[in-house]
There are 2 protein chains.
Amino acid sequence: MMAIEIPEPIRAQCEKKGGIKGIKKKLPGKRDLEKRSQVFQALSDPLRLNIMLALVEQPLCVCMVKDIVNPKISDSKLSYHINILKDTGLIKGERKASWIIYEPTRLGKEAVKVAGKL
Amino acid sequence: MMAIEIPEPIRAQCEKKGGIKGIKKKLPGKRDLEKRSQVFQALSDPLRLNIMLALVEQPLCVCMVKDIVNPKISDSKLSYHINILKDTGLIKGERKASWIIYEPTRLGKEAVKVAGKL
DNA sequence: TCACCATTTCAACTTATTTTGAAACAACAT
DNA sequence: ATGTTGTTTCAAAATAAGTTGAAATGGTGA
């Protein structure tokens, strides 16, 4: 049997915050964690991050995005990634004649702004 | 043959920014994109995000992290995720007697602060 | 109508990430 | 030394994400 089970300074700091329970209470719930980590997930691919950065500069149709990020990638690949950004709510697209113009949502702009700080 | 190949307002805006070339120039290089997206990748898992949030509240040893995020997960699983956060440079660990106390790095704190805005 | 262009969808495939359980390591107490 | 606790490592299995090429959709102009 031991008196001290964890390092004393840590235990003391921890108690001041209401102990394990106190810290637990400050953390988001399951839903919230999933939602937020999904945004990170969407930006966790270099190509998608690049697409976001381009769209923040300027709303663009898919074919221009392609020209900018890499003229050699396949259309289906590009579409796949754009779709992830759209489903996550980071961008939205609007049809203009033959083209679909994508631009960042408010969330998308926030996220990219944030990316610049890392 | 057509005169207009892309929506006029977009083309005009785009020209003002130096066209495709101009936008391209503003985007980060491959290395930079990879580095940044990796940070997002690390935070793209709800468990890891939760661990980060807990550590920002209070530096903790692994066993306390476990108590907080989910007492039922296996040690190896927890270790795997902690390791990803460490390798990405979001947290650092220091041995104190029997325990290893983890705490967020400067980058880790920044990243979490940012997470709160999404 | 037809051919054409931009974009998306689909299913098969490849690759990357996560989970598991057992074993190893490290520090400490007896 | 031995046993105990905290933590990591490893390889195998399970799951998820990304890529590919072909086919489909939907708008446009002849």
Side-chain angles (χ1 to χ4, degrees), chain A residues 1-8 10-11 34 37-51 55 59-88 91-103, chain B residues 1-8 10-11 33-34 37-51 55 59-88 91-102:
Chain A
M1 253 244 197
M2 302 180 52
I4 300 171
E5 296 272 340
I6 50 172
E8 185 48 31
I10 300 289
R11 205 199 52 75
E34 276 165 7
S37 57
Q38 225 182 97
V39 173
F40 287 117
Q41 161 71 17
L43 296 171
S44 73
D45 180 286
L47 174 54
R48 287 198 296 265
L49 182 54
N50 209 16
I51 293 171
L55 292 178
L60 295 164
C61 57
V62 179
C63 53
M64 289 180 82
V65 171
K66 182 174 174 176
D67 269 355
I68 290 170
V69 300
N70 176 6
K72 285 179 199 150
I73 71 172
S74 69
D75 292 331
S76 63
K77 180 172 173 176
L78 183 53
S79 184
Y80 167 78
H81 287 288
I82 283 181
N83 215 45
I84 285 176
L85 293 172
K86 191 173 65 183
D87 289 348
T88 316
I91 64 175
K92 62 182 181 223
E94 199 187 339
R95 187 133 219 157
K96 294 261 166 79
S98 290
W99 303 269
I100 299 174
I101 310 296
Y102 283 100
E103 66 178 310
Chain B
M1 255 245 204
M2 302 178 53
I4 302 172
E5 297 270 340
I6 51 172
E8 185 47 33
I10 299 288
R11 205 199 51 75
L33 284 170
E34 276 164 8
S37 58
Q38 227 183 100
V39 174
F40 287 118
Q41 162 70 17
L43 296 171
S44 73
D45 180 286
L47 175 55
R48 286 197 296 265
L49 182 54
N50 209 15
I51 293 171
L55 291 179
L60 295 165
C61 58
V62 178
C63 52
M64 290 179 83
V65 170
K66 183 175 174 175
D67 270 355
I68 289 170
V69 301
N70 177 6
K72 284 178 199 150
I73 71 172
S74 68
D75 292 331
S76 62
K77 181 172 174 177
L78 183 54
S79 184
Y80 167 78
H81 287 288
I82 284 182
N83 217 44
I84 285 176
L85 294 172
K86 192 174 62 182
D87 289 349
T88 316
I91 63 175
K92 62 181 181 223
E94 200 187 339
R95 188 132 219 156
K96 294 261 167 77
S98 291
W99 302 269
I100 299 173
I101 310 298
Y102 283 99

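Side-chain atoms are counted along with the backbone in the values below, which use heavy atoms only and exclude waters and symmetry mates. Nothing here was measured: the structure is a model prediction, and the numbers come from that model. Each chain gets a letter, A, B and so on, in the order the sequences are listed, and its residues count up from 1.
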*asked:* Within the 4.5 Å heavy-atom criterion, are A:Ile10 and B:Lys96 side-chain neighbours or not?
replied: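 With C-beta onward as the side chain, the pair stays apart.
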
_Distance test, side-chain N/O of B:Tyr80 to OP1/OP2 of D:dA11, below 4.0 Å_ =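 So the side chain of B:Tyr80 is outside the cut-off, no N or O lying under 4.0 Å from OP1 or OP2 of D:dA11.
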
*Residue among B:Leu60, B:Ile82, B:Ile51, B:Asp75 satisfying side chain to side chain contact (heavy atoms under 4.5 Å, CB included) with B:Lys66*: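 One option only clears the test, and that one is B:Asp75.
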
*Working to the nearest 0.5 Å, report the span between CD1 of A:Ile101 and CD of A:Glu94.*
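Interatomic distance, A:Ile101 CD1 to A:Glu94 CD, rounded to 0.5 Å: 8.5 Å.
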
*Pairwise side-chain contact, A:Tyr102 with A:Val65, heavy-atom cut-off 4.5 Å (strictly under)*: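 SC-SC contact between A:Tyr102 and A:Val65 ruled out.
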
*Give the rounded distance in Å between these two atoms: CG of A:Asn83 and C1' of D:dA17.*
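It is 14 Å, rounded to the nearest whole Å.
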
*A:Gln41 has an atom CD; how far is it from atom C1' of C:dT17, in whole Å?*
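Between C1' of C:dT17 and CD of A:Gln41: 10 Å.
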
*Among A:Asp45, A:Val39, A:Leu43, side chain to side chain contact (heavy atoms under 4.5 Å, CB included) partner for B:Phe40*: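 The option that passes is A:Leu43.
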
*Roughly how far, to the nearest 0.5 Å, is CG of B:Asn70 from CG of B:Asn50?*
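Between atom CG of B:Asn50 and atom CG of B:Asn70 there are 9.5 Å.
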
_Measuring to OP1 and OP2 of D:dG6, would you say a side-chain N or O of B:Tyr102 lies under 4.0 angstrom away?_
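So the side-chain polar atoms of B:Tyr102 never come under 4.0 Å of the phosphate oxygens OP1 or OP2 of D:dG6.
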
*asked:* How many whole angstroms separate atom CD1 of A:Ile73 from atom C1' of D:dG18?
replied: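 Going from CD1 in A:Ile73 over to C1' in D:dG18 covers 12 Å.
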
_Main chain of A:Ser76, side chain of A:Ser79: is a donor-acceptor contact present, judged purely on distance under 3.5 Å?_
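A pair under 3.5 Å: no.
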
_Tell me whether the side-chain N/O atoms of B:Arg95 come closer than 4.0 Å to OP1 or OP2 in D:dG6._
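Looking at the OP1 and OP2 atoms of D:dG6, neither is under 4.0 Å from any side-chain N or O of B:Arg95.
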
*A:Met64 CE - C:dA6 C1' separation (whole Å)*: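 Rounded to the whole Å, the gap is 14 Å.
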
_Distance, rounded to the nearest Å, where B:Trp99 contributes CH2 and D:dT8 contributes C1'_ =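 Spelled out: CH2 on B:Trp99 to C1' on D:dT8 is 17 Å.
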
*Please report, rounded to the nearest Å, how far the P atom of D:dT9 is from the CD1 atom of B:Ile84.*
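These atoms are roughly 13 Å apart.
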
*With sugar-phosphate meaning primed atoms plus P, OP1 and OP2, does B:Ile82 contact a base, only sugar-phosphate, or nothing at under 4.0 Å between heavy atoms?*
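Result for B:Ile82 = nothing.
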
*Between D:dT8, C:dT9, C:dT18, spot the one nearest the side chain of A:Ser79, thanks.*
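Out of D:dT8, C:dT9, C:dT18, the nucleotide with an atom closest to A:Ser79's side chain is C:dT9.
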
*asked:* Without decimals, in angstroms, what is the distance between B:Asp75 CG and C:dC25 C1'?
replied: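 Distance, rounded to whole Å: 14 Å.
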
*Can you tell which of C:dT18, D:dT20, C:dT20 lies closest to the side chain of B:Ser74?*
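The closest nucleotide is C:dT20.
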
*asked:* Can you tell me whether the side chain of A:Ser98 and the base of D:dG27 have a donor-acceptor pair closer than 3.5 Å?
replied: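 For A:Ser98, whose side chain was compared with the base of D:dG27, there is no donor-acceptor pair (under 3.5 Å).
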
*asked:* Five pairs per end, C1' atoms only: what is the angle between the end axes of the helix from C:dT1-D:dA30 to C:dT30-D:dA1, to 10 degrees?
replied: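 Here the local axes at opposite ends form an angle of 20°.
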
*Tell me whether the OP1 or OP2 atom of C:dT19 has a side-chain N or O from B:His81 closer than 4.0 Å.*
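Answer is yes, contact under 4.0 Å.
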
_Spacing between B:Lys66 atom NZ and D:dT5 atom P, to the nearest angstrom_ =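 Roughly 13 Å, once rounded to whole Å.
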
*Does A:Ala97 or B:Cys63 map to a spot on DNA chain D nearer the 5' end, using the closest nucleotide for each?*
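So the residue in question is B:Cys63.
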
